[in-house]
Structure formats: C-alpha cells, structure tokens
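What follows is a single structure, written as structure tokens, with notes after it.
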Amino acid sequence: MNFHRPEEECGVFGIFNHPEASNLTYLGLYALQHRGQESCGIVSSDGVDLHAHKSMGLVADVFGNEEIFKSLPGKAAIGHVRYSTTGSSVIKNVQPIMVDYSRGSIAVAHNGNLVNAQFIRDELEAWGSIFQTTMDTEIIVHLLAASKANSLVERLSEALNRIKGAYSLVILTETRMIAARDPHGFRPLCLGKLGSSYVVASESCALDLIEAELIREIEPGEVVVIDKNGLTSYFPLKKVQPAPCIFEFVYFARPDSYIFGKNVYQVRKELGRELAREHRVEADVVIPVPDSGVPAAMGYAEESGIAFELGLIRNHYVGRTFIEPQQSIRHFGVKIKLNPVRAVLEGKRVVVIDDSIVRGTTSRKIVKMVRNAGAKEVHVLISSPPTSYPCYYGIDTPTRKELISSSHTVDEISRYITADSLGYLSLKGLLNAVGANDTNYCHACFTGDYPIAFPKLKAEPQLDLFEKE
Ligand code: SF4
C-alpha cells in the first residue's frame, strides 16, 4: 500500500576480508531495509569467481533459506536493497549488477540517480553496447568495460568523470572492494571496521547490527579501494561544493544512524524544537504521525511544554505490497496502517506533527481520523518546508504536478486537509536544526535550487484539489 510519501531509494553494503561475508551482508541489508523494499541481492567473491543471489522481495524473504548462503562463498560480499528510482521494477533490474568482461567479473551496487544517464546510454548504444537492464547503474559498468586504461582505478576514474548525478557505489571484483561517492555527496556512505575487515554501508545502523565500528564517512568525490594490502583512498574527480541530501535527515535515514557527521534522531528532535519556536499553537496535546514524526513531535513537546502523547498507533505489519481487498472498502486506506487512540484525543486541542506533505491525501485522512476520534481542534505542523519540487538525485518523489505545495498556498492546503491550522518549518529553521548554512546541503525539493544543472522544468498542469471529493 502506498501512502503517498516520497519513496526511499536504495541502500548499499559491502564487507571485505571476513569468513562470513555474505551472512554479514545479509544482516547489513536487513538493517537498511527501510531504504528499499522492492528487491535485494548479494554478490560474493571467493577470490576467483563472483557469485550472486538476488530477487524481488524483502531481505528476510529473499535470503530466508540458509542453503542460499552456501551459494555465496568467499570472504568478500556486497549487497543492495532497492526501491526503483530509475528503470522499472523487474527482476532483471535487481542489483548488484554483475557482468563478465574482458578483464574479469565485476559487480556494482548503486544508491542514487544519474542525471546524464540517457545521454551516455544513447552514446554507448551507438557504439554497439547492449544493455541488459533499464537502470542507470548499468552505464557505469559499460563505461568501465569500454575503458582502455590499464588499472581498475583508472578505468573507474574515467567512468566517474563521465557520469553526473548522485551515486554512492560499492563495487566488487574477484580481489577488491571499492566504495565511491559522487563529488556532491548527495547520498550517505560510511566506512567501518570489524576486526581486520572493512565494511561500507549507506547508514551506520548497518554497522551497529554487525557490531562494526564506524570509522568515518566516505568523503564526497572519494574512491576507496580495499584489497589484501589494506585501504587506499583516491580523489579522482574535480572538487565541487558538497550538497548532501537534507531530506535524509527529515525522513529517509533511520533515526539511530549517523549520516553526514550527525545523529539523525537528534537532528529530527531539533527540527521539532525549531518548529515550536516558529509555530506556537494553543493546544492540549502533541502527537506524531508515526514513525518518522516521533522525534520531531518529542522536540516540539519539549520546547512548547505541551504534553507528548501517542495518539496514532501504527500497524507495523502492513507491508508495502499490501493490496486492498476490494473496491467497496477502498476508503479504509490509512486506517489499515494507523489507528487513533480515542482516550488521548477526545475533547482535546491536538497538534499533529508529520515530516512532510506530498500529495495531501494522507494528511487529509489523518486529520479526519483524529477529529472522528473526538479531537476538538486539529493543528498540523510539518517538520520541513513545503515539498514543491521533484528530486532528480535518487529519491522517487512524485512529479511537480502531484506535489500539492508546488501549486497551492499553505492556506489552500490547510483547507484541503481540513485542519484548523497548518504550519511548515522554514528553510532557515531546517538549516538551523541541521547546523548548516544553505550552501552545505541540497535542499532542491524545497527551493528548486538544484546543485547540478538540470533541463528547465516544463510548466505542468496544476493539481486540482477539489476535483473529486
Ligand atoms: S532534491 Fe531533496 S530529496 Fe533530492 S537530493 Fe536534494 S534535498 Fe534530497
């Protein structure tokens, strides 16, 4: 069931020099499941050959049989969880992508989205390359294979100098693991150690699960090569102003992770405190939209002095693939995932904290649900600025037309979701909470200031809020 939130993108993981490499990669992917639930895969290396297992589905389902790990031998492995951001969601697009070419085998796991993918793909196809998938990630593999340079690092540098956009990559060959992050550093990627093994992961929560120690982030523009001799770092790309994705803090990353040098939970709480400084509301109770709204609601409650309560309970067992049984109960929608606590809400003036509003349909249902549970007033506060622009760097946000704030004022949205009032955190408040100035982060989905130039957005028809009540 899709609740009209921005979809997450992907998560990557890799470990080198560990006797249980594929088992630990499975655990790492398990911790990164929130970054993609459509498909997953692991490729391992036994030092001579690469071995792969990948499929559509959740990590626990795809790797639910111990026998699978016997087919993934070796002391190095990389893995990927995916929500499709480019390429349709089909089995051939499941990552890591693995290919054999004249110099051996290579597997690539990619989090992000390349903005010049079509251009390079057309060029490669004109030269005779045959693509097996519809994913931009495959372009990296073809560029690597086509390069005439001698060493893998040189070939990779050539390839990375051609592509533009967001990429946090983990690459595996028979004898090496490589991690690379684009020069803007859009997506997180961290480096850890477990005894004498090196580990890379999209988020530090994956290191925690396998009890690896977080050493540092892979820097924007850095390529790290890990082999039997240890770790070597390269910076083969032109330096640019880094622009890590600020939305990772707002919504995507897990609160227990450290990304971009900060703990996500603490940043989210600070978003709530900033929200309380900007939007004071006379109310009896503050409730989050679980789970992502919880830390911000706690911060709001602390700063405002209004009691924090759990007024909406989430059913954690509703998967993304839930299919509503029949047309006649279609309107159950959000109720299948969230249920109000009447004892908390009845007769109260309620502040509902959520992290974002995308199309507005979910917020509208939540407001109705809270009111039906007896709330006297429902005030909605959002712990980020209005999401008015699509993301081209690996987050599958709806088109501009579908983003309610791209064509409607806060008052109009407030009326649409039937709230007594609606307030968004300002960009300044967001940057304060993250502890940054506006050049340190990408915030294009709020401002339209895209760090990598992009073809001009076409004027799109506006979303008609009240066309179908
Ligand atoms: S546009 Fe938004 S979601 Fe995309 S990278 Fe920038 S901040 Fe993140």
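Both ligands and their constituent atoms are indexed starting at 1 by order of listing.
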- Before accepting this row, confirm whether a basic side-chain N of the pair Arg121/Glu125 lies closer than 4.0 Å to the acidic partner's carboxylate O. yes
- Note on the structure: Exactly one candidate in Val108, Ile78, Leu169 meets side-chain contact (heavy atoms from CB on, under 4.5 Å) with Pro96; the answer is Ile78
- Message: Closer than 4.0 angstrom, basic N to acidic O: yes or no for Lys239 and Glu219?
- Response: no
- How about Phe249 and Phe260: are their ring centres within less than 6.0 Å of each other? yes
- Message: So, at under 2.8 Å, which protein N, O or S atoms would a careful student list around atom 2 (Fe) of ligand 1?
- Response: Cys445 SG
- Report yes or no: does a heavy atom of Glu248 sit under 4.0 Å from some atom of ligand 1? no
- Measure the distance from atom 5 (S) of ligand 1 to every protein heavy atom, then report the residue, atom name and distance (to 0.1 Å) of the closest one. Arg187 NH2, 3.3 Å
- Should Glu123 and Arg162 count as an ion pair when the cut-off is N to O under 4.0 Å? yes
- Item | Carboxylate-amine/guanidinium contact Glu302 Arg273, below 4.0 Å | yes
- Does ligand 1 have a heavy atom under 4.0 Å from the side chain of His184, from its backbone, from both, or from neither? neither
- Note on the structure: Taken in chain and number order and not counting sequence neighbours, the residues that satisfy salt bridge (Lys or Arg N to Asp or Glu O under 4.0 Å) with Asp256 are Arg254
